[in-house]
Trainee: 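Quick one: this structure, given as structure tokens, is what I'll be asking you about.
The structure presented is a predicted model; accordingly, all values stated were derived computationally and were not measured.
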Amino acid sequence: MRRYALRTAVTVLFAASLAAAAGAPSSARPTAAPAAHEARPPRTPVLVDCLWHPKVRPASFILACGDGNSRLVSLHWSQWGARAARAEGVNLVNDCKPYCAAGRFHSYRVVVRLDHVKPWKKHPRVPHYGRMTLTYEGRTPAHFPKTVTYPLWD
């Protein structure tokens, strides 16, 4: 029994010393320091949703976070770049008649443009789109102009 305990202790110490040696820096081992002039690759901007989740090319997006009475669906992205993004889809808007809980949703074809890329306050190294512009194709929701621009949250 004593011999087994001694053998186990020696094995554990040997394994620990190997692990420490493998992790210790060695002057014989060259290390490549990153060049100061090397730039990090640009990160893809994200679209931040109502729950503060970063999204890239989402298929849908809620515009009215409080009540969900306006949302984008069936989004098909033709561009998602460092400066702007573009999609076509449908804006579902509740008419809130006679009131929002009893209202009906109506579909409006729309072109979505995202731009004004800036650092996201929650994660400053992550760029996000700061503005969304909707251009309605054909009819628009009541009292909406043909083009609507929204600032997006940080």
Side-chain angles (χ1 to χ4, degrees), residues 15-154:
S17 66
L18 279 178
S26 167
S27 59
R29 228 183 287 152
T31 58
H37 66 277
E38 286 184 44
R40 288 193 167 147
R43 297 187 88 164
T44 301
V46 298
L47 177 61
V48 179
D49 70 11
C50 294
L51 300 174
W52 298 95
H53 296 139
K55 303 291 182 182
V56 175
R57 297 180 182 261
S60 62
F61 185 79
I62 295 176
L63 291 170
C65 290
D67 56 17
N69 283 323
S70 179
R71 61 184 174 262
L72 300 171
V73 297
S74 302
L75 294 174
H76 298 283
W77 297 94
S78 58
Q79 176 188 1
W80 192 281
R83 302 180 106 193
R86 184 184 186 282
E88 292 183 12
V90 175
N91 184 197
L92 294 177
V93 180
N94 189 343
D95 61 16
C96 291
K97 292 180 182 175
Y99 52 92
C100 291
R104 287 186 39 227
F105 281 89
H106 301 274
S107 302
Y108 303 92
R109 301 240 2 111
V110 68
V111 173
V112 179
R113 178 171 168 79
L114 305 174
D115 58 13
H116 281 207
V117 175
K118 56 187 176 179
W120 183 16
K121 286 184 182 175
K122 183 176 178 183
H123 298 286
R125 291 186 175 173
V126 177
H128 80 100
Y129 294 109
R131 183 173 71 175
M132 176 184 289
T133 302
L134 304 179
T135 303
Y136 291 94
E137 297 178 329
R139 61 192 190 97
T140 65
H143 312 293
F144 275 51
K146 182 113 176 129
T147 301
V148 182
T149 300
Y150 300 103
L152 297 172
W153 37 89
D154 285 327

Trainee: Do any N or O atoms from the side chain of Trp153 and from the backbone of Asp49 form a donor-acceptor pair under 3.5 angstrom?
Mentor: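 Between the backbone of Asp49 and the side chain of Trp153 there is a qualifying donor-acceptor contact (under 3.5 Å).
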
Trainee: If I take atom CD from residue Gln79 and atom CZ from residue Arg86, how far apart are they, to the nearest 0.5 angstrom?
Mentor: 8.5 Å

Trainee: Under 4.0 Å between a Lys/Arg side-chain N and an Asp/Glu carboxylate O for Arg104 and Asp95?
Mentor: no

Trainee: To the nearest 0.5 angstrom, please state how far the NZ atom of Lys122 sits from the NE2 atom of His128.
Mentor: 12.0 Å

Trainee: Test side chain to side chain contact (heavy atoms under 4.5 Å, CB included) on Asn69 and Phe105 and set out the steps.
Mentor: CA-CA 8 Å; Asn69 283 323; Phe105 281 89; 3.9 Å; yes

Trainee: Tell me the closest heavy-atom pair linking Val110 and Leu134, and the distance in Å.
Mentor: CG2-CB, 3.6 Å

Trainee: Report the distance from atom CG of Leu92 to atom CD1 of Ile62, rounding to the nearest 0.5 Å.
Mentor: 11.0 Å

Trainee: For Leu152 and Val48: C-alpha separation, side-chain torsions, deciding distance, then whether side chain to side chain contact (heavy atoms under 4.5 Å, CB included) applies.
Mentor: CA-CA 8 Å; Leu152 297 172; Val48 179; over 6 Å; no

Trainee: Please give me the minimum heavy-atom distance between Tyr136 and Asn91, naming the atom from each residue.
Mentor: OH-OD1, 2.7 Å

Trainee: Can you give each donor-acceptor pair under 3.5 Å made by side-chain atoms of residues 50-61, sequence neighbours left out, with the distance rounded to 0.1 Å?
Mentor:
residue : atom : partner : partner atom : Å
Arg57   : NH1  : Trp77   : O            : 3.3

Trainee: What's the separation between atom CH2 in Trp80 and atom OG1 in Thr44, rounded to the nearest 0.5 Å?
Mentor: 9.0 Å

Trainee: Between Arg139 and Ser107 (side chain of the first, backbone of the second, donor and acceptor by atom type, cut-off under 3.5 Å), is there such a pair?
Mentor: yes

Trainee: Short question: side chain of Trp120, backbone of Asp154 - any donor-acceptor pair under 3.5 Å?
Mentor: yes

Trainee: Please report the closest heavy-atom contact between Val112 and Met132, naming both atoms and the distance.
Mentor: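 Result for this residue pair: CG1-CG, 4.0 Å.
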
Trainee: Do you know the tightest heavy-atom contact between Gly89 and Leu75?
Mentor: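 Reported closest heavy-atom pair: CA-CD2, 4.1 Å.
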
Trainee: Closer than 3.5 angstrom, by distance alone: can the side chain of Asn94 be matched with the main-chain N or O of Cys100 as a donor-acceptor pair?
Mentor: yes

Trainee: Say you draw a straight line from CZ of Arg71 to CG of Leu63; how long is it, rounded to the nearest 0.5 Å?
Mentor: 10.5 Å

Trainee: What are the two closest heavy atoms between Arg43 and Pro127, and how far apart are they?
Mentor: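 Scanning both residues completely, I find the closest heavy atoms to be O-CG, 3.5 Å.
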
Trainee: Kindly give the heavy-atom pair with the smallest separation between Pro141 and Val93, and that separation in Å.
Mentor: CG-CG2, 3.9 Å

Trainee: Is it the case that more than 12 heavy atoms not belonging to Lys121 sit under 6.0 Å from its NZ atom?
Mentor: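 Open: at most 12 neighbouring heavy atoms sit under 6.0 Å from NZ of Lys121.
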
Trainee: Working to the nearest 0.5 angstrom, can you tell me the gap between Arg113 CZ and Thr135 OG1?
Mentor: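 Reported to 0.5 Å precision, the distance equals 9.5 Å.
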
